[in-house]
Structures are given as C-alpha cells and as structure tokens.
*Asks:* 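Shown below is the structure under consideration.
For clarity, every value in this text was computed on a predicted model and none was experimentally measured. Residue numbers start at 1 and run along the sequence shown. Order of appearance sets the numbers: ligands from 1, and atoms from 1 within every ligand.
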Amino acid sequence: MKLNINNTFSKELPADPKRDNSRRQVIGAAFSYVTPRVPSAPVLVHVSEEMLQAIGLSEDDKKSEAFLRVFSGAEVLEGAEPYAMCYGGHQFGHWAGQLGDGRAINLAEVVHNDQRWALQLKGAGETPYSRSADGLAVLRSSIREHLCSEAMHHLGVPTTRSLSLVLTGDEVLRDMLYDGNPAYEKGAVVCRVAPSFIRFGSFQIFAARRDTENLKKLTDYTIRHFFPHIKGGTSDAYVQFFAEVAERTFDMIVHWQRVGFVHGVMNTDNMSILGLTIDYGPYGWLEDYDPDWTPNTTDAQGRRYRFGHQANVALWNLVQLANALVPLVQETQPFEEVMEKISEGYHLKYMAMMRQKLGFQTEKREDPEIVDTLEQMLKATETDMTLFFRNLANLANDTNTEGNDAFLEVIMEAFYQPQALKGELLENWRSWFNRYLQRLQEEDLSDEERREQMNKVNPKYVLRNYMAQLAIDKADKDDFSLVDELYQMLKNPYAEQPEYQQWFAKRPDWARDKVGCSMLSCSS
Ligand code: AMP
Ligand code: MG
C-alpha cells in the first residue's frame with residue numbers, strides 16, 4: 001500500500017515538544033504528536049470506494065492486511081507522524097477553553113491527482129486533548145458519521161468525507177442517554193478525510209491566549225494552502241480571508257436548509273474553516289417540516305441548534321471567528337462591514353435556493369411571500385419535507401384548483417395526518433396552490449423540464465434518522481448489509497432508483513419518538 005504523503009500542517013506549524021498522551025494544556029503549539037491505540041481485533045466493515053480512489057489506493061490495497069492495520073490504528077503508516085490538533089471553542093454559546101482532538105488522530109496528508117487530503121482516525125485512543133474522556137468511539141456513531149459524510153457529498157453539500165469504518169474488537173463504555181445507565185458497546189474507528197480539519201476554534205485558541213505570533217502563522221498557513229488566490233499577509237488579505245470563510249459557511253448552511261439537515265452541535269470547534277460540514281454527532285434530518293426541531297437531546301431546552309436557527313448560529317460563530325482574527329487587522333470595522341454584507345447575502349442565497357426547490361427559474365417580486373406562506377403551511381400541517389418537494393415536481397402546470405383538489409393527489413403522501421386536512425387548513429392549502437400554479441404560468445418550462453430541474457435540487461433519498469438506526473441495529477448483530485445498501489443508494493440521491501423505492505417513504509410510526517431516530521445525545 002503506497003500513499004503519496006506530503007505533510008504541511010505538521011511541517012509548517014509549531015509542534016508541542018512533549019510527545020506523550022498525558023492530558024494537558026498545550027501552549028504555543030498547533031498540535032501534539034501522538035500514537036494511535038492498537039485495537040485488539042480489528043475488522044474492516046466498510047470502505048467508500050470513491051475515497052479509496054481519491055487518495056490513490058486500489059481494490060487490492062483495500063483487501064490488504066496493511067490497509068486494515070493502518071486504518072484501525074494498529075500500525076503507523078510509513079513516513080507518517082500522527083498528531084492531534086489543538087483548538088478551542090464556544091460550546092452552546094460559552095467559551096470552553098482548550099478542546100482539541102480528544103479522539104481524532106491525524107495520520108498524514110496525502111496528495112493524489114493534485115488534490116490534498118488529510119487522513120484522520122476518529123476513535124483511535126486518547127490524546128493530550130482527551131480531558132476526562134477515553135478517546136474512543138462506538139459503532140453506532142461511527143456508522144452515522146461514515147454514511148452521512150458520503151451521503152452529504154453526493155447530495156452536493158460541502159462536507160468532510162469518510163474512507164473507512166473498522167470495528168476495533170474492543171468494548172467501549174457509554175451512558176447513551178446520560179441517565180446513569182452506562183453499558184458496553186462495540187468500539188469502532190472511522191477514517192475521516194478532508195483537505196484540512198482546521199476549525200474556527202483553531203484560531204480562537206491562539207487569540208484567547210494572546211498568542212498573536214502563532215495566530216498569524218496559522219492564518220498565513222491556511223491562506224497559503226487553501227485560499228491561495230489571496231495574496232500577502234496584509235490586513236486586507238485577512239479581511240478577505242474572513243469574507244471568503246463567511247461566504248463558504250453560508251453556502252453550506254443554505255445547502256443544509258435545502259436538504260433538511262440539522263447539524264445539532266454547531267459549536268465553534270465544529271465549524272470548518274473550509275466551510276465543510278464537520279463532526280457528525282447528534283445530527284438529524286427533518287422529516288415533518290418543523291423549523292424548531294433539533295435531534296440533539298443535550299440541546300432540548302434552548303434548542304440553540306434547531307433547523308430554522310442554523311443561519312443565525314453561523315453568523316454568531318462567524319462573529320467569534322472575526323474576534324479571533326482582529327489582532328491581525330487591529331480594527332473591527334472591516335469585519336463588521338463583511339458581516340453586514342454577508343447576512344444580506346444569506347437571505348438572497350436562501351431565496352435563490354427556495355426558488356430552485358419550487359421550480360422557478362426567474363425571479364419575481366412575490367416569491368418571498370410564496371416561500372414564506374409555504375413555510376407556514378408546512379409547519380401548520382405535519383408534512384414530510386423530502387416527500388413534499390420531490391412530489392411537488394409531479395404537479396402539472398395546468399392543474400386546475402377551482403372546485404377540485406387535484407393538487408392534493410400529488411402531495412397527499414407527504415402528510416403525516418392526512419385526515420387533519422380539512423376546513424381552514426385545506427382552504428389555505430388550496431389558495432397556496434392556486435398562487436403557486438399561477439406563478440408557474442409565468443415560467444417558460446414544460447412540466448417535464450420543470451420536473452427535471454426540481455429533481456436536481458430536491459433529493460428523493462436522504463439518510464433519515466430511522467434508516468441509520470436500522471443499519472446500526474443490524475450491524476450490532478454483525479450484519480453490515482444495510483450499511484452498504486444505504487451507502488449505495490445514497491450515492492445517487494436525486495435519481496429515481498426504483499429498486500430502493502421502499503426508502504422513499506415517511507418515517508414509520510414506531511420511529512417517531514424512538515431513541516436514535518428522533519432523539520440523539522452527544523454520547524458517541
Ligand atoms: P464534540 O462534541 O464531538 O465536537 O467534542 C467536543 C470535544 O470533546 C472535542 O475536543 C472532542 O475531541 C472531545 N471529545 C468528544 N468525545 C470524546 C471522547 N470519547 N474522548 C476524548 N475526547 C472526546
Ligand atoms: Mg467536535
């Protein structure tokens with residue numbers, strides 16, 4: 001197994017001189033060298049073929065003993081010097097100080113086909129940043145991360161990727177519901193892949209420690225490698241860098257809103273500087289359209305990270321990043337100007353996205369109101385978001401709503417309580433559809449063309465929470481067939497794929513309030 005290793009982060013940024021795994025505050029360094037833990041009986045469960053190729057490996061490599069050893073942490077790749085990154089973060093709105101890779105270990109950066117990829121094991125043991133935890137990960141959260149990373153990519157959402165999923169053969173103790181009932185679960189390791197795993201919190205930790213020298217080193221490094229079109233270590237360059245991070249962050253959020261994804265823990269340590277979705281924990285997919293929904297039981301009180309609040313949180317997080325970068329620019333005004341433009345920009349991006357979901361190619365003054373009313377209707381009627389938008393494309397331009405409810409046939413399947421659709425509610429839907437159909441008349445698309453356009457942005461298949469849970473339940477009994485089936489299906493989320501039709505359905509009733517399906521904690 002040969003990988004083209006080309007480390008930059010650990011070569012160009014300062015290392016912690018201590019080389020043991022003991023928990024500590026790491027001052028004046030961007031990372032600490034660590035050694036992954038040797039698992040007792042590793043078994044390869046699943047590999048993303050695409051990522052295998054992306055990093056320059058073959059099918060034969062995948063089958064080799066070396067692959068399993070390296071990506072389970074049993075053996076250190078030749079030429080690699082594994083390390084854990086130091087970062088801080090605001091958790092649920094409060095500055096938490098040093099966090100860091102408590103259970104992530106970077107193996108190496110590889111370059112293949114001119115693309116740089118950092119490889120990182122998640123769950124391969126403790127590091128100086130593990131605080132009171134064990135550095136391990138359990139099978140259920142690892143399946144969720146592996147499947148969702150790849151599914152998000154194929155949905156067109158910027159995200160970190162996942163190469164492999166390995167069982168370690170070790171047991172890991174977790175109190176899944178934080179209710180004083182810990183139990184042993186199967187341990188697992190995922191190999192995450194991204195151009196870089198630098199987070200907002202990576203900058204924040206240096207700023208919090210008034211370590212401007214290293215803050216500058218890290219920012220210059222990030223610009224040099226990942227924003228190479230921005231030239232020079234000037235104030236303008238740092239502001240431009242910030243503006244681009246903000247832009248990418250909001251692009252990502254708009255994609256989340258488009259597909260119905262709720263991250264669940266948008267702490268600043270979970271915000272990628274590249275605008276990638278990162279750290280798949282208690283995330284979830286909207287089933288019935290409820291902007292107030294969050295799958296994260298740890299956030300059930302404040303619902304800080306609920307679906308409809310994700311753009312606000314992104315903005316808040318960007319303010320924290322701006323604060324961290326201020327020492328490099330020495331004034332706040334340029335950042336404030338960027339923030340102002342960016343929040344306006346978000347609303348435009350959001351509206352453009354919703355137009356696409358609705359099949360509008362042109363821009364009309366009444367669009368914001370049509371979108372707004374629809375959102376209220378979706379909220380008032382328990383409606384499956386994915387089914388609704390996918391089926392909406394089947395409406396015919398000449399559907400007549402006068403005295404006949406033909407539109408209902410098209411979307412009925414999306415309602416969780418179809419019997420509730422009467423009286424005023426039905427009247428409101430009727431009038432919304434009237435308006436929508438009139439609006440479609442202003443477009444120059446045939447039914448067929450519009451359906452094609454809409455089906456490119458409204459996925460047919462997403463990783464519904466209960467689906468991941470079914471795959472986990474099976475995997476717990478050593479049957480990984482559903483992990484692969486979902487992986488295969490989610491490679492083409494916009495295609496019809498009639499063989500997977502059973503997954504184009506509302507959440508079954510048993511999953512409504514089930515742990516793992518609608519309720520997830522941070523325990524992983
Ligand atoms: P998260 O909520 O997963 O983003 O984690 C927040 C912080 O806790 C990060 O610094 C993680 O590396 C660390 N962390 C989470 N789980 C563990 C664990 N099992 N062992 C060690 N550190 C952990
Ligand atoms: Mg994290």
*Asks:* Relative to the heavy atoms of Asp269, which atoms of ligand 1 are at a distance of less than 4.0 Å?
*Replies:* 4 (O), 6 (C)

*Asks:* Check whether the side chains of Thr268 and Gln204 place a donor and an acceptor atom closer than 3.5 Å, and report yes or no.
*Replies:* yes

*Asks:* Out of Gln98, Arg131, Met85, who gets a non-hydrogen atom closest to atom 7 (C) of ligand 1?
*Replies:* Arg131

*Asks:* Going by chain and residue number, what protein N/O/S atoms come nearer than 2.8 Å to the Mg ion (ligand 2)?
*Replies:* Asn270 OD1, Asp279 OD2

*Asks:* Does the gap between the ring centers of Tyr283 and Tyr280 come in under 6.0 Å?
*Replies:* yes

*Asks:* Ligand 1 versus Asp101, non-hydrogen atoms closer than 4.0 Å: side chain, backbone, both, neither?
*Replies:* backbone

*Asks:* Around atom 4 (O) of ligand 1, find the nearest protein heavy atom and jot down its residue, atom name and distance.
*Replies:* Asn270 OD1, 2.9 Å

*Asks:* With a 4.0 Å cut-off on heavy atoms, does Val265 reach ligand 1?
*Replies:* no

*Asks:* Any idea which atoms of ligand 1 are less than 4.0 Å away from a heavy-atom of Gly135?
*Replies:* 18 (C), 19 (N), 20 (N), 21 (C)

*Asks:* Looking only at protein heavy atoms, identify the closest one to atom 21 (C) of ligand 1 and say how far it is in Å.
*Replies:* Gly102 O, 3.1 Å

*Asks:* Can the ring centroids of Tyr221 and His225 be said to lie less than 6.0 angstrom from one another?
*Replies:* yes

*Asks:* Would you mind finding which of Glu126, Arg199, Arg103 brings a heavy atom closest to atom 16 (N) of ligand 1?
*Replies:* Arg103

*Asks:* Tyr33 ring centre to Arg19 NZ or CZ under 6.0 Å, with the angle to the axis within 45°?
*Replies:* yes

*Asks:* Which residue and atom name correspond to the protein heavy atom nearest atom 18 (C) of ligand 1, and how close is it?
*Replies:* Ala133 CB, 3.4 Å

*Asks:* For the pair Arg306 (side chain) and Arg303 (backbone), establish whether a donor and an acceptor sit closer than 3.5 Å, ignoring hydrogens and angles.
*Replies:* yes

*Asks:* Just distance, no hydrogens or angles: give the donor-acceptor pairs under 3.5 Å from side chains in residues 34-46, sequence neighbours left out.
*Replies:*
{"from": "Arg37", "atom 1": "NH1", "to": "Asp170", "atom 2": "OD2", "distance (Å)": "3.1"}
{"from": "Ser40", "atom 1": "OG", "to": "Gly169", "atom 2": "O", "distance (Å)": "3.4"}
{"from": "Ser40", "atom 1": "OG", "to": "Asp170", "atom 2": "OD1", "distance (Å)": "2.4"}
{"from": "His46", "atom 1": "ND1", "to": "His146", "atom 2": "NE2", "distance (Å)": "2.9"}
{"from": "His46", "atom 1": "NE2", "to": "Asp484", "atom 2": "OD1", "distance (Å)": "2.7"}

*Asks:* Can you list the atoms of ligand 1 that are under 4.0 Å from a heavy atom of Arg174?
*Replies:* 19 (N)

*Asks:* Just jot down the ligand 1 atoms closer than 4.0 angstrom to any heavy atom of Asp279, in number order.
*Replies:* 4 (O)

*Asks:* Using 0.5 Å steps for rounding, measure from the CG atom of Leu163 to the CH2 atom of Trp117.
*Replies:* 11.0 Å

*Asks:* So which of Lys506, Arg507, Arg464 actually passes salt bridge (charged side-chain N to carboxylate O under 4.0 Å, His left out) with Asp384?
*Replies:* Arg464

*Asks:* Would you call the rings of Phe67 and Phe71 parallel, tilted or perpendicular, taking 30° and 60° as the class edges?
*Replies:* tilted

*Asks:* For a quick check under 3.5 Å, do Gln469 and Arg144 share a side-chain donor-acceptor pair by atom type?
*Replies:* no

*Asks:* Quick check with a 6.0 Å cut-off and a 45 degree axis cone: is Arg304 positioned over the face of Trp316's six-membered ring?
*Replies:* yes

*Asks:* For atom 10 (O) of ligand 1, find the nearest protein heavy atom and state the residue, atom name and distance (0.1 Å precision).
*Replies:* Gly100 O, 2.5 Å

*Asks:* What about Tyr129 and Tyr87, are their ring centers closer than 6.0 Å?
*Replies:* no

